[in-house]
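Chain naming here is simple, since letters A, B, ... match the order of the sequence lines and numbering starts at 1 in each.
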Amino acid sequence: MNLLDELNEPQRQACLQTDGPVLVLAGAGSGKTRTLAYRIAYLIHQKGVHPSEILAFTFTNKAAREMKNRIDSLVGPDSRFMWVGTFHSVAVRILRENIDRLGYDDRFVVYDTDDTKSLIRDIVRELRWDEKEWPAGLFQTTISRAKNRFLSPSEWEDHSFYGERVQEVYSRYQKRLKALNALDFDDLIFQSVLLLQDHAEVRSRYQARFKHVLVDEYQDTNLAQYRLVRHLVGERGNLCAVGDDDQSIYGWRGADMRNILEFQRDYAGAAIVRLEQNYRSTQVILDAANAVVRNNRERLGKDLWTDKEPGQSVRLYRAPDEESEAWYAAEVIHEAIRQGKRLSDCAVLYRTNAQSRAFEMAMSRAGISYRLVGGKRFYERKEVKDVMAYLRVVFNPADDLSLLRVINYPRRGIGDVAQRRLREYASAQQIPLAEALARADRIEGLSAQARRASSELSELLRRFEESAGQSLAERVRNIAEVSGIMLLLRQERTREADDRLENIGELISEAKRFEEEQGTADLGEFLGWVALVSDWDETNEDGGGVWLMTVHSAKGLEFPLVIVAGLEEGVFPHSRSLNEGTVEEERRLMYVALTRAQDELYLTYAETRTMLGRTNANPMSRFIREIPDSLLSMGERLAAADRATAAMSHHIDGLAPGQRVRHPRFGWGTIVALRGEGDDTEVTIAFPGGGVRAFMAKYAQLVGEESGLSGA
DNA sequence: TCCACGGGCATTTTT
DNA sequence: TGCCCGTGGA
C-alpha cells in the first residue's frame, strides 16, 4: 500500500517535495499535523532518511506531543530518535551539549518570568532608581523584545533617556544571569543562535546531523527563531515550514510575519504548497471566515473550501448588555444539550479575559458546568516554586536567586540581617550564596542562631545532593519534607494550605511520571523539563463542561458549537489595535475564532457594555459587517428559557448533608457536612472523583437536583 | 509577621 | 469597577 494514498493532492505534494525548501500554507483544519507526520514517514520509509536526521520544531509542548504521537503511529519505535520539540526544549538540548563555549556551566537553570522579574527588580534597586518610575515589568518586556530581535545589550540602538536606561538594565541583567548560571526563556533561543553563529564547528556538526528540518506554526516565529532555523538548515536548505499567515496572532510578542511572507525570498527556489481543503467546518462557516480575512492586505492569499454540506447559517445575536449576552449563550448551550450535544462540544470565545465573568455567572446560574481556560499555571504556584527552588539550588549551587527564595522559608532564623551579612560575605569573596552558608561559622557579624541555621540548611542541601541514587519522586518528596515545607502547611489546617499540599503531591506525581516516561531520574533533566512545561497541556481531559476561553487560547482547537462573543468596535477589534494600527492582526484573530467551529457558529454583541466601571455603547464590530448577510440569520432569546433560567438562581437555604448538588466548576457531588450559619455557612461536598472540597455556601452557586436545567 | 489599606492599572500568552 | 501589588501599621 502506498503511504501517500490517504492524502489529498496538495498534501501529497507537501510530502513529495523533499529536496530544498518548501512552504506549506496550511489553512485552518486542513490536516496539517497529519501531512507533517506523513511527510516524515515518507522521508524515513521511502527516502531512507534515518529518524535521527530529522528535527521538528513546534511552539507548544502540546503540539510537540501530538506530532510525536502521530509520527509514532506511522513510523513505530524508531521515531524516538527524532528530535521533535518546542523551540525552547530543542535549544536547551543544544545548549546543554555546548554552552561551555559561551562561558556558562552546563548545569544552567532556566528562569521563568517571575524569577526574571525579581532579578530585574533587584537590579533597579541596586541602581537606586525609583521602582515606581522604572517598574521591572517595563524592562522585562523590553529586554524580551530585544532578545526576540536578536539584539544584545551593546547593539541596543535607542539612545533616548529611556533607551539608555534600558541598555543599562539589560546589560547588568545579562551579567547577573551569567553569574547565576541561569538563562531566561528568550536566552535559550538567543544563546543558541549565538552559539551556532560564532562557532562554526558546532554549527557544522548540527547541520551534518539534521538533514531535514521542519517548523510548525512558522507564522509565529520571531527573528531569533528564524536565525536558529537558518543556522541549522544551512546550505542544504531542506526546510519544510508549515504555517498560515492568516492565523498569525502573536505579532505583539515578537512574531514576525515577514518570516512567512518573504519565505520565497529568504530561501531561494522555495516551493509553496497550499492546503485549502478544510475537514473541519461547514461551507457556511468557511465562507464567513474567508469573507472576513479577505479584507486583509498583508497576506499570501488562500480560500478554504470543504466538500461537506453548506450547514446552517451563522446566528447573530444582539444583546442589550453583556449580561443578556451571557444569558443568551447559556440558552444556546442549553438548547444544544437538549439536541444531544455534550457540554464539552461547546465553547464561548472572547477577546479579553475580563469578559469571562459574565459567562461564568450565567453558566453557574443556569447550572451549566464550565471550564475556564487560562489563569495561574501549576508550575507558577508559590508552593510548587518553593519546592523547586530547593531542587534548583541543589542542582546549580550558583543559583542565589532560588536560594534567597527559600533561605528563610520555612522560617529557620536566617532573618533580614543575617541574609544581608551572608550576601555581603558572598559578594566580597566572590562565591555563591550557598557556599557562604557552608562557611557561616567563619562569617563575622552573624548571630549564633543564624550561624546554626545556616549550617543546618547547608547540611540539608548537601545531604540532598547525596541522595542522587534515589528515585526522583522520592527525592522531591524528601526535600519537601526535610525542608519543613510540608510540615508548615500541615500545621496550618486551612483550605488553602490543603490545596497547596495537594499541589506538592501533584508535583511528586509529576516527578514520578517524568521518570517513567523519560526514563531518567536526573535532576537537571527534570528541572529543564519543568521549566518548559505548562500544565494546561496536561490537564485537558478532566470532567465535562463548556469551554470558556480567549480566542488566543482557542487557537489549534475545534468545537462542534462555537459562540464568539463581544463583537463590538473597541472590544473585538480591541480599542488598542485601533490606536496602534494593528487591525489586520485582530482580523486574523477573528478568522481564528470563526474557524474553530465545526457545525454551529454564533456571533454575539452587546449594545451597551460595562467596562472598567463605565458603561459604553459600542457599535457592532466591523468584522460582522464583513460577513455577507446571506450567511447570517438572527438569533433570538427564548421566552420560555427566560423563565426557566430565572427560576434557577442558586440557594443557600435548604442545604442538608446527603443532598446531591451541582457545583459550577466541579460538577455533581454529595454534601457531607455543613458548618456555620446563614451567610457564613460552609458546605463540604464529596465529588465522585474522590475529591472532597469545602466552599462558602454563599458563593458556591450550588444548584440542587430539582432545579436543574433538565426540567426547563 | 500578618493583615489591611490604597494606589495604580486594566489586551492577547508560551516557553 | 475589581484586582494585584507593595507598604506600613499593629
Side-chain angles (χ1 to χ4, degrees), chain A residues 57-64 85-92 110-118 121 125 130-133 135-138 140-141 144 147-148 183-190 192 216-217 220-222 224-225 228 247-255 322 349-358 373-377 379-380 408-411 415-416 488 492 494 528-537 549-556 566 570-580 582-583 585-586 588-590 592-593 609-616:
Chain A
F57 285 110
T58 65
F59 271 85
T60 66
N61 294 301
K62 192 169 164 232
T86 62
F87 271 96
H88 297 267
S89 68
V90 169
V92 166
V110 180
Y111 276 1
D112 68 19
T113 38
D114 275 355
D115 304 325
T116 297
K117 201 171 188 172
S118 45
R121 200 174 290 136
R125 280 188 198 143
D130 181 1
E131 287 177 67
K132 286 246 160 57
E133 205 178 337
L138 179 79
Q140 194 176 27
T141 48
S144 173
K147 288 184 182 174
N148 289 164
L183 283 83
D184 66 22
F185 287 134
D186 302 309
D187 261 345
L188 295 175
I189 313 293
F190 187 98
S192 298
D216 191 17
E217 306 281 13
D220 289 337
T221 51
N222 59 39
Q225 287 159 333
L228 180 59
Q247 291 188 70
S248 166
I249 56 174
Y250 286 111
W252 52 274
R253 68 175 195 210
E322 72 272 12
L349 309 183
Y350 35 79
R351 177 64 242 265
T352 66
N353 285 118
Q355 289 168 256
S356 74
R357 166 172 267 122
V373 177
K376 56 256 155 260
R377 269 165 264 150
Y379 291 107
E380 282 172 9
N408 200 31
Y409 179 84
R411 234 167 301 137
D416 287 348
L488 189 74
E492 228 180 276
T494 61
W529 177 79
V530 164
L532 299 180
V533 137
S534 67
D535 70 329
W536 127 254
D537 291 348
M549 66 181 104
T550 63
V551 181
H552 281 94
S553 309
K555 187 169 173 224
V571 178
F572 196 177
H574 195 275
S575 54
R576 198 120 162 202
S577 73
L578 302 175
N579 297 331
E580 292 171 3
T582 51
V583 180
E585 181 151 311
E586 295 285 305
R588 293 191 290 270
L589 196 55
M590 178 69 172
V592 168
R609 177 179 298 275
T610 307
M611 288 162 76
L612 315 182
R614 228 169 249 267
T615 304
N616 306 358

Is there a donor-acceptor pair under 3.5 Å between the side chain of A:Asp112 and the backbone N or O of A:Ala531?
no
Measure from CG on A:Asp184 to P on B:dT13 and round the result to the nearest Å.
21 Å
Regarding A:Arg588, tell me which of base, sugar-phosphate or nothing describes its non-hydrogen contacts under 4.0 Å with the strands shown.
nothing
Face-to-face stacking of A:His552 with B:dT12, centres under 5.5 angstrom, angle under 30°
no
Could you state the atom-to-atom distance from NZ of A:Lys62 to C1' of B:dT14 in whole Å?
13 Å
Select base, sugar-phosphate, or nothing to describe what A:Glu586 touches, counting heavy atoms under 4.0 Å on all strands.
base
Take atom P in C:dC5 and the same atom in B:dT12, then report the distance between them in whole Å.
15 Å
Report which part of the nucleic acid A:Glu580 touches: base, sugar-phosphate, or nothing (heavy-atom distance under 4.0 Å, all strands).
base
How many Å lie between CG on A:Asn148 and P on B:dT14, as a whole number?
15 Å
Flag as yes if A:Trp252 stacks onto the base of B:dT12 (centroids under 5.5 Å, planes under 30°), otherwise no.
yes
Calculate the interatomic distance between A:Tyr250 atom OH and B:dT14 atom P; express it in whole Å.
6 Å
For A:Phe59 and B:dT15, what is the distance between atoms CZ and P respectively, to the nearest whole Å?
11 Å
So, does A:Arg357 get its side chain near the phosphate of C:dC3, meaning an N or O under 4.0 Å from OP1 or OP2?
yes
A:Asn353 side chain N/O closer than 4.0 Å to the phosphate oxygens (OP1, OP2) of B:dT12?
yes
Expected output: side-chain A:Gln225 to main-chain A:Ile189 donor-acceptor under 3.5 Å:
no
Tell me whether the OP1 or OP2 atom of B:dT13 has a side-chain N or O from A:Thr550 closer than 4.0 Å.
yes
With respect to the phosphate group of B:dT14, does any side-chain polar atom (N or O) of A:Asn61 fall under 4.0 Å of OP1 or OP2?
no
Given C:dG6, is OP1 or OP2 found less than 4.0 Å from the side-chain N or O atoms of A:Arg121?
yes
Between C:dC4 and B:dT13, how far is it from one P atom to the other, in whole Å?
15 Å
Assess whether a salt bridge exists between A:Arg253 and A:Asp220, defined as any Lys/Arg side-chain N lying under 4.0 Å from an Asp/Glu carboxylate O.
no
Rounded to the Å, how far apart are A:Lys117 NZ and C:dC4 C1'?
10 Å
A:Phe185 side-chain proximity, nearest of B:dT12, B:dT15, C:dG6
B:dT15
Within the structure shown, what part of the strands sits under 4.0 Å from A:Arg614 by heavy-atom distance: base, sugar-phosphate, or nothing?
nothing
Can you see if the side chain of A:Ser553 gets near the phosphate of B:dT13 - specifically, an N or O under 4.0 Å from OP1 or OP2?
yes
Quick one: does any side-chain atom of A:Ser553 pair with a main-chain N or O of A:Met549 as donor and acceptor, under 3.5 Å?
no
Donor-acceptor contact present, side-chain A:Glu585 to main-chain A:Thr582, <3.5 Å
no
Euclidean distance, atom OH of residue A:Tyr350 to atom C1' of B:dT11 [Å, nearest integer]
13 Å
How many Å lie between CE on A:Met549 and C1' on B:dT12, as a whole number?
14 Å
Can A:Glu586 and A:Arg351 be counted as an ion pair, charged N to O under 4.0 angstrom?
yes
